[in-house]
Peer 1: 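Please read through the structure below; I'll follow up with questions.
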Amino acid sequence: MGTERKRKVSLFDVMEDPSAKNNKSNVLGAASAAAGINKWNGKPYSQRYYDILEKRRDLPVWLQKDEFLRTLQSSQTLILVGETGSGKTTQIPQFVLDAVEAENTNKHKKWLVGCTQPRRVAAMSVSRRVADEMDVAIGEEVGYSIRFEDCSGPRTMLKYLTDGMLLREAMADPLLERYKVIILDEAHERTLATDVLFGLLKEVLRNRPDLKLVVMSATLEAEKFQEYFSGAPLMKVPGRLHPVEIFYTQEPERDYLEAAIRTVVQIHMCEPPGDVLVFLTGEEEIEDACRKINKEVSNLGDQVGPVKVVPLYSTLPPAMQQKIFDPAPEPLTEGGPAGRKIVVSTNIAETSLTIDGIVYVIDPGFAKQKVYNPRIRVESLLVSPISKASAHQRSGRAGRTRPGKCFRLYTEKSFNNDLQPQTYPEILRSNLANTVLTLKKLGIDDLVHFDFMDPPAPETLMRALEVLNYLGALDDEGNLTRTGEIMSEFPLDPQMSKMLIVSPEFNCSNEILSVSAMLSELGSLVWALHVRGWETLIPNCFVRPREAQKAADEAKSKFGHIDGDHLTLLNVYHAYKQNNEDPNWCFENFVNNRAMKSADNVRQQLVRIMSRFNLKMCSTDFNSRDYYVNIRKAMLSGYFMQVAHLERTGHYLTVKDNQVVHLHPSNCLDHKPEWVIYNEYVLTTRNFIRTVTDIRGDWLVDVASHYYDLSNFPNCEAKRVLEKLYKKRERERNESKSRK
DNA sequence: GAGCACTGC
């Protein structure tokens, strides 16, 4: 296999003379276009194809098509910087297709061009657009691949996929041999998956001279990318944005929320018509701001036009999110002052959602960002200043349809001196246990010397290795074990995949599958439940409308399990299935139908992975006393590092880390157990542990004796209790021996 | 008796 790879001629080396190549592609293009036959599928072009083609040719990237093809021909890696509106995401992959096709001598050889996106929606919508542009059916020559949905086939030549999905593919095919060219789009966003792909692809390119890489990014960091990819050529494509005038405050603002509201009102009173976008940090702040803006504007009476204030955050259900696309309200009287739409949004409007018609942007300079503390292994959300790149992106939102204005609620000096150039990449802000497992599976043995664009803190890597070692995914030399290999196949946190893998030993894999599916969808499903004026309870498959709180609480209590929230989730899942997944049943019981559907979807995916590894699907007899005991023990064998002990003072302390924590009030326990496992540790008004289940101290000794090795344990009450347990064990063992 | 930046497999 290796020799064959070496024999392959580098893809674009065939043509020596760039002008000859261009002639050829032009001739080809002209010939097929003249015949009106689509070279990709042999069908005649539709009228729509020609209509779109005309518009495509107006995009800024088209002016540089030849330059792009020449550069791609002469180098293995290419960096392309293009601002919003340049058309790079839709056009560059098509240019690449033309190039590959022109150079491909073996017409029967299958090849693929992949283009990654950080978000599912983008992968889906861009591929649909490109299929239209190429006049082919989606899923045929052009397709996409995202979790739960592979819309590609044997004919596919261009595939848009999420970065996480390409990483998954690399686990099965480390040299990514199906691909001729890989395009990493939106590289500046520096998602965890993209960062891992950087390092991985750098290695793959060394082993595969016939593979090419195009890195596409929107901003300033191009030189850093260039340096990382050993001086790869850099191409710049202009964007197509209207000019945006930037205003700074003269003095720092004491209260950015109050300043933001004041600025909205001023714009509405003094500026010409045009919609406003305000960036704030979170749901509560946004709802609060919307109320205040409405109040302030109504105080102005009819000297100003009407406003439509629209909140926007990810947890808003899609129907509510749609309101951002509504037009601004009409003037109250004919010829009266114009109406204005005011969108108050989180960072979601910075990258994920684009609203046309925005002319004014208000940027207070803050966002909630994830931070990770490796010492106590806690990720939390913190309101922190944004980066220059982020500020730039925000202001660009004002110039999509016409020239706009951006009001930065901080001083110019502060922008220049205080804001860091780029947002910290995610890899520096996350718990890396799962990432390290993926890297190990990809065959990266030496993590310390892995070529990260931004290497994570050694302590974070050490913590991740330690966790994986305790879970039995890595041996003491740091090599992937068989268990670790299976764990890496699950799209779950290592703790969760561990409990799944061992669950057949506790005769409860069916139940652990359900718990895992419910838990893993907790985070990503909140959006389905949130309706304005409604509240949710955690676990968030429960809905709690403000006008029916009592009924909702009663409904929830029917599912409550006194031994813990994990078991409550299991009860809900079982009830959902017993009622045939009936949406009416969900409605009547204040259970969210969408959340349940999605959990069920995840569960099916997990079942498929379990079967692939011959992991048995089994249950303990429901009437057995051990039914719940087995489930709790199986959970403990994954979560033995997330245990808290009730001290005599009445507080919980996390085991080993000795952090004071409190049971989150959403728990459904009817007592305070001496020992609990928890799913997450959240830092808000206090240190809370959320989704909690009662476990027994002697199980710790049975299930995770390697972790509860007392010779390596900080002095604390939990240690003394465990010491007693170990002694009791020993006594019992001796007694049983002497009886024999 | 508290609360959810945003993604992804």
Side-chain angles (χ1 to χ4, degrees), chain A residues 116-123 145-150 161-172 186 189-197 279-287 311-316 345-353 366-371 379-384 386 390 393 423 425-426 429-430 434-435 437-438 441 487-494 496-497 520-530 534-540 542 544 549 553 601-602 605-606 608-609 662-668 680 682-690:
Chain A
T116 66
Q117 295 294 320
R119 282 167 289 277
R120 283 186 211 170
V121 238
S145 174
I146 58 178
R147 188 185 186 183
F148 303 129
E149 199 183 349
D150 181 8
L161 70 178
T162 50
D163 48 9
M165 203 66 205
L166 186 62
L167 208 50
R168 285 273 143 185
E169 288 188 7
M171 284 171 52
E186 313 289 358
E189 288 195 26
R190 303 292 304 277
T191 63
L192 244 171
T194 293
D195 262 26
V196 173
L197 284 168
F279 284 101
L280 290 176
T281 65
E283 176 187 336
E284 211 179 302
E285 200 176 80
I286 286 169
E287 293 292 354
L312 175 64
Y313 39 88
S314 73
T315 52
L316 215 56
S345 170
T346 61
N347 255 0
I348 191 171
E350 198 180 296
T351 47
S352 305
L353 269 170
F366 292 95
K368 271 191 194 169
Q369 286 172 321
K370 187 169 73 184
V371 286
E379 287 181 338
S380 47
L381 286 170
L382 222 80
V383 174
S384 25
I386 59 168
S390 201
Q393 178 74 20
T423 307
E426 202 184 356
R429 297 181 282 126
S430 310
N434 212 4
T435 305
L437 186 62
T438 307
K441 169 70 187 170
M487 280 167 63
S488 73
E489 295 290 328
F490 286 94
L492 304 170
D493 278 342
M496 218 186 279
S497 44
S520 86
E521 279 309 273
L522 279 189
S524 44
L525 274 167
V526 205
W527 62 272
L529 323 173
H530 243 282
W534 287 45
E535 285 176 36
T536 52
L537 267 188
I538 293 154
N540 46 29
F542 299 109
R544 194 186 193 220
Q549 288 188 359
D553 287 346
N601 208 357
V602 173
Q605 190 189 24
L606 300 178
R608 284 195 295 272
I609 302 172
H662 306 272
L663 298 181
H664 195 278
S666 64
N667 82 79
C668 51
E680 50 179 351
V682 285
L683 274 172
T684 48
T685 50
R686 297 167 100 177
N687 294 345
F688 288 111
I689 48 176
R690 192 157 61 188

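Keep in mind that what you see is a predicted model, and the values were worked out from it rather than measured. Naming: A, B, ... by sequence-line order, numbering from 1 per chain.
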Peer 1: From the options dT7(B), dA2(B), dA5(B), select the nucleotide whose nearest atom is closest to the side chain of Glu283(A).
Peer 2: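 In terms of side-chain proximity for Glu283(A), the closest of dT7(B), dA2(B), dA5(B) is dA5(B).
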Peer 1: Does Asp493(A) have any salt bridge (charged side-chain N to carboxylate O under 4.0 Å, His left out) partners at least two apart in sequence or in another chain, and if so, which?
Peer 2: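 Per chain and number, Asp493(A) pairs via salt bridge (charged side-chain N to carboxylate O under 4.0 Å, His left out) with no residue.
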Peer 1: Determine, for Glu285(A) against Lys368(A), whether the closest basic-nitrogen to carboxylate-oxygen distance falls under 4.0 angstrom.
Peer 2: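 Judged by the 4.0 Å cut-off on N to carboxylate O distance, Glu285(A) and Lys368(A) do not form a salt bridge.
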Peer 1: If you find the nucleotide of DNA chain B closest to Asp163(A) and the one closest to Gln369(A), which residue's nucleotide is nearer the 5' end?
Peer 2: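 Closest to the 5' end, via its nearest nucleotide, is Gln369(A).
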Peer 1: What does Phe490(A) touch in the nucleic acid at a heavy-atom separation under 4.0 angstrom: a base, only the sugar-phosphate, or nothing?
Peer 2: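 No contact at all - Phe490(A) keeps every heavy atom at 4.0 Å or more from the nucleic acid.
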Peer 1: Would you say Thr162(A) places a side-chain N or O within less than 4.0 Å of OP1 or OP2 belonging to dT7(B)?
Peer 2: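 For Thr162(A), the contact criterion (side-chain N or O under 4.0 Å from OP1 or OP2 of dT7(B)) is not met.
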Peer 1: Grab the CG-C1' distance between Leu161(A) and dC9(B) for me, whole Å please.
Peer 2: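 Going from Leu161(A) (CG) to dC9(B) (C1'), I get 12 Å.
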Peer 1: From the options dG8(B), dC6(B), dA2(B), select the nucleotide whose nearest atom is closest to the side chain of Arg119(A).
Peer 2: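 The nucleotide sitting nearest to the side chain is dG8(B).
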Peer 1: Closest approach to the side chain of Phe688(A), judged atom by atom: which nucleotide of dC4(B), dA2(B), dC9(B) is it?
Peer 2: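 When the side chain of Phe688(A) is considered, dA2(B) is the closest of dC4(B), dA2(B), dC9(B).
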Peer 1: Base, sugar-phosphate or nothing for Thr191(A)? Non-hydrogen atoms, less than 4.0 Å.
Peer 2: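 Contact class for Thr191(A): none.
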Peer 1: Any idea which of dA2(B), dA5(B), dC9(B) is nearest the Met165(A) side chain?
Peer 2: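 Closest nucleotide among those given: dC9(B).
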Peer 1: Check this for me, if you would: do Glu149(A) and Arg120(A) make a salt bridge, where the nitrogen-to-carboxylate-oxygen distance has to be below 4.0 angstrom?
Peer 2: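 Not counted as a salt bridge, because no side-chain N and carboxylate O are separated by less than 4.0 Å.
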Peer 1: Calculate the interatomic distance between Glu287(A) atom CD and dA5(B) atom P; express it in whole Å.
Peer 2: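 In whole Å, dA5(B) P and Glu287(A) CD are 11 Å from each other.
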Peer 1: How do Lys370(A) and Leu492(A) order along DNA chain B: which one's closest nucleotide is nearer the 5' end?
Peer 2: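 Closest to the 5' end, via its nearest nucleotide, is Lys370(A).
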Peer 1: Rounding to a whole Å, what distance do you find between Glu189(A):CD and dC6(B):C1'?
Peer 2: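 Atom CD in Glu189(A) sits about 9 Å away from atom C1' in dC6(B).
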Peer 1: Is there a donor-acceptor pair closer than 3.5 Å between any side-chain N or O of Arg686(A) and the backbone N or O of His664(A)?
Peer 2: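 Here the side-chain-to-backbone pair does not exist.
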Peer 1: To the nearest angstrom, how far is Glu489(A) atom CD from dG8(B) atom C1'?
Peer 2: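 After rounding, the reported distance stands at 17 Å.
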Peer 1: Which whole-number value in Å describes the distance from Leu312(A) CG to dC6(B) C1'?
Peer 2: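 Rounding to the nearest Å, CG of Leu312(A) and C1' of dC6(B) are 12 Å apart.
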Peer 1: What contact category does Leu167(A) fall into here, base, sugar-phosphate, or nothing, at under 4.0 angstrom with non-hydrogen atoms?
Peer 2: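 Since no nucleic acid heavy atom lies under 4.0 Å of Leu167(A), the category is nothing.
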Peer 1: Would you classify Arg147(A) as touching base, sugar-phosphate or nothing, given that sugar-phosphate means primed atoms plus P, OP1 and OP2, and contacts are heavy atoms under 4.0 Å?
Peer 2: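 Base: the residue Arg147(A), judged by heavy atoms under 4.0 Å, touches a nucleobase.
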Peer 1: Sequence neighbours left out, what passes side-chain contact (heavy atoms from CB on, under 4.5 Å) with Thr435(A)? Give chain and number order.
Peer 2: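 If we apply the side-chain contact (heavy atoms from CB on, under 4.5 Å) test to Thr435(A), skipping adjacent residues, the hits are Leu192(A), Val196(A), Leu432(A), Leu439(A).
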Peer 1: Return no unless some side-chain N or O of Arg690(A) is found under 4.0 Å from OP1 or OP2 of dC4(B).
Peer 2: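 Result: yes.
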Peer 1: Specify the separation, in whole Å, of atom CG of Leu197(A) and atom C1' of dC9(B).
Peer 2: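 After rounding, the gap between these two atoms is 12 Å.
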Peer 1: Using the side-chain heavy atoms of Asn434(A), tell me which of these nucleotides is nearest: dG8(B), dC6(B), dA2(B).
Peer 2: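 So the nucleotide nearest the side chain must be dG8(B).
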Peer 1: Carefully, step by step, assess Thr194(A) and Glu189(A) under the rule side chain to side chain donor-acceptor pair (under 3.5 Å).
Peer 2: CA-CA 8 Å; Thr194(A) 293; Glu189(A) 288 195 26; over 6 Å; no
Peer 1: Could you give the CG-to-P distance, from Asn601(A) to dC9(B), as a whole number of Å?
Peer 2: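 Taking CG of Asn601(A) and P of dC9(B), I get 12 Å after rounding.
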Peer 1: For the pair made of CZ in Phe148(A) and C1' in dC9(B), what is the distance, rounded to whole Å?
Peer 2: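 So the two atoms are 8 Å apart, to the nearest Å.
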Peer 1: For dC9(B) and Arg120(A) - does any side-chain N or O of the residue sit under 4.0 Å from the phosphate oxygens OP1/OP2?
Peer 2: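 It does, given that an N or O in the side chain of Arg120(A) lies less than 4.0 Å from OP1 or OP2 of dC9(B).
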